[in-house]
Amino acid sequence: MRATIANVSFEEYLKFCDGTDKRYELVDGELVEMPPARGKHADITDALNDIFKVEIKRLGKDWISRHSSIGVMVPGVGRRATSKIPDICVVTASQWQELQNQFAVLVDSPPLLVVEVVSEGTKIIDHRRKRAEYNVVEIPEYWVVDFIENDPKYPLGVTVFTLVDRFYEQAVFRGNDRIISQIFPELTLTANQVLLA
């Protein structure tokens, strides 16, 4: 990812259009281009999004799961504006309805769950920076999927951060471990099923 334009306000970000299909996140007042996902990244994201949609329907919840199409504004605490676009974002139907006639960025209410599938260049960002940012927004649950092999610092698996008393508690699931989710408590999904999508 590379920064392209600096000193951008949140309002300017919402109106920004460079005439292409490129997508951008706003990071500390800089527009950062989001490169297209690699094949395995896209497979995992698509599979998880489909699983969430099926589980939402099975549970009869009034929720929506979207792949890379809902942004989350992170309040600037002593820094410039930031807005992230998670790989998957689960929101209530009322939140989605509010976004129908405006830019799809949640400003005043957090999504129920977000997922980031780690890319080669985003490991530290997804595990550290976004963890802190999503914690500030008070997103109840945040998943990080590590699928890149041969990285001892971030081995293959799914890390679930659950908001407890305004701070994230971390649980790591590997191999045939069943992923424990507060948002989807009845989900029967293992780390391997996610990684082998």
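Just so it is clear, the model here is predicted, and its values are computed rather than measured.
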Approximate separation, where rounding is to 0.5 Å, of I51 CD1 and R58 CZ = 13.0 Å
query = What distance do I44 atom CD1 and I88 atom CD1 have between them, rounded to the nearest 0.5 Å?
reply = 10.0 Å
inquiry  = In the structure I gave you, are the side-chain heavy atoms of P140 and T162 within less than 4.5 Å of one another anywhere?
reply    = no
key: Flag side-chain contact, heavy atom, 4.5 Å: P110 against Y134   = no
ask   = Below 4.5 Å, heavy atoms only, C-beta onward: do V8 and E30 meet side chain to side chain?
value = no
query = Looking only at heavy atoms, which two atoms of W96 and R66 are closest? And how far apart?
reply = CZ2-NE, 3.5 Å
message = Please identify which of these residues, R131, R129, K130, meets the salt bridge (charged side-chain N to carboxylate O under 4.0 Å, His left out) condition with E133.
response = R129
ask   = So which heavy atom on S109 is nearest to which on Q95, and how close?
value = OG-NE2, 2.9 Å
task = Please work out which of the three classes, parallel, tilted or perpendicular, describes the rings of Y168 and F161, given edges at 30° and 60°.
result = tilted
query = Would you say L99 and L106 make side-chain contact, with heavy atoms under 4.5 Å?
reply = yes
ask   = Just how far is it from atom SG of C17 to atom NZ of K22, taken to the nearest 0.5 Å?
value = 12.0 Å
task = Could you point out which residue of V74, V105, T82 forms a side chain to side chain contact (heavy atoms under 4.5 Å, CB included) with F10?
result = V105
request  = Would you check if the distance from the ring center of Y24 to the ring center of Y13 is below 6.0 Å?
outcome  = no
ask   = Is there a salt bridge (Lys or Arg N to Asp or Glu O under 4.0 Å) between E33 and R23 once you walk through the steps?
value = CA-CA 6 Å; E33 182 183 340; R23 294 181 315 126; over 6 Å; no
query = Are L59 and F52 grouped together when hydrophobic residues (ILVMFWY) are joined by side-chain heavy atoms under 4.5 angstrom apart?
reply = yes
task = Verify, without hydrogens or angle tests, whether N135 (side chain) and R166 (backbone) share a donor-acceptor contact under 3.5 angstrom.
result = yes
request  = Any chance you could measure I148, atom CD1, to L195, atom CG, to the nearest 0.5 Å?
outcome  = 11.0 Å
ask   = When clusters are formed by joining ILVMFWY residues with side-chain heavy atoms under 4.5 Å apart, either directly or through shared neighbours, do W143 and V172 land in the same one?
value = no
message = Could you go through L112 and T92, starting from their C-alpha distance and side-chain angles, then the distance that decides it, and tell me whether this counts as side-chain contact (heavy atoms from CB on, under 4.5 Å)?
response = CA-CA 7 Å; L112 299 168; T92 66; 4.2 Å; yes
ask   = Is it the case that one hydrophobic cluster holds both V144 and V72, taking links as side-chain heavy atoms less than 4.5 Å apart, direct or via other members?
value = yes
query = Does the side chain of V27 reach to within under 4.5 Å of the side chain of K84, using non-hydrogen atoms?
reply = yes
query = For the residue pair A47 and A197, what are the closest heavy atoms and their distance?
reply = CB-CB, 3.4 Å
request  = Find out whether L113 and Y142 are in side-chain contact, i.e. whether some heavy atom of one side chain is under 4.5 Å from a heavy atom of the other.
outcome  = no
ask   = Any link between I180 and V194 through a network of hydrophobic side chains (Ile, Leu, Val, Met, Phe, Trp, Tyr) touching at under 4.5 Å?
value = yes
inquiry  = Within a 6.0 Å radius of atom CZ on R38, are there more than 12 heavy atoms belonging to other residues, nucleotides or ligands?
reply    = no
query = When rounded to the nearest 0.5 angstrom, what is the spacing between CG in N192 and CG in D177?
reply = 8.5 Å
message = I need the minimum non-hydrogen distance between I183 and E141, along with the two atoms involved.
response = N-OE1, 3.3 Å
ask   = Would Q170 and T159 count as a side-chain contact (heavy atoms from CB on, under 4.5 Å) if you check the C-alpha gap in whole Å, the side-chain angles of each, and the deciding distance to 0.1 Å?
value = CA-CA 7 Å; Q170 172 182 319; T159 304; 3.5 Å; yes
inquiry  = Grouping I, L, V, M, F, W and Y whenever their side-chain heavy atoms are under 4.5 Å apart, do M73 and I70 come out in a common cluster?
reply    = no
message = Testing V117, D126, L156 one by one against V145 for a side chain to side chain contact (heavy atoms under 4.5 Å, CB included), which residue passes?
response = V117
message = With rounding to the nearest 0.5 angstrom, report the OG to CG distance, S65 to D50.
response = 8.5 Å
note = Heavy-atom closest pair (P75 atom, V136 atom, distance to 0.1 Å) is CD-CG1, 4.2 Å
request  = Kindly state whether the ring of W63 and the ring of F184 have centres lying under 6.0 angstrom apart.
outcome  = yes
query = With side chains defined as the heavy atoms from C-beta onward, is the minimum distance between E12 and N7 less than 4.5 Å?
reply = no
request  = Apply salt bridge (Lys or Arg N to Asp or Glu O under 4.0 Å) to the pair K61 and E55, showing each step before the final yes or no.
outcome  = CA-CA 9 Å; K61 296 289 187 180; E55 187 66 2; over 6 Å; no
note = Closest non-hydrogen contact found for D87 with T45 is O-CG2, 3.6 Å
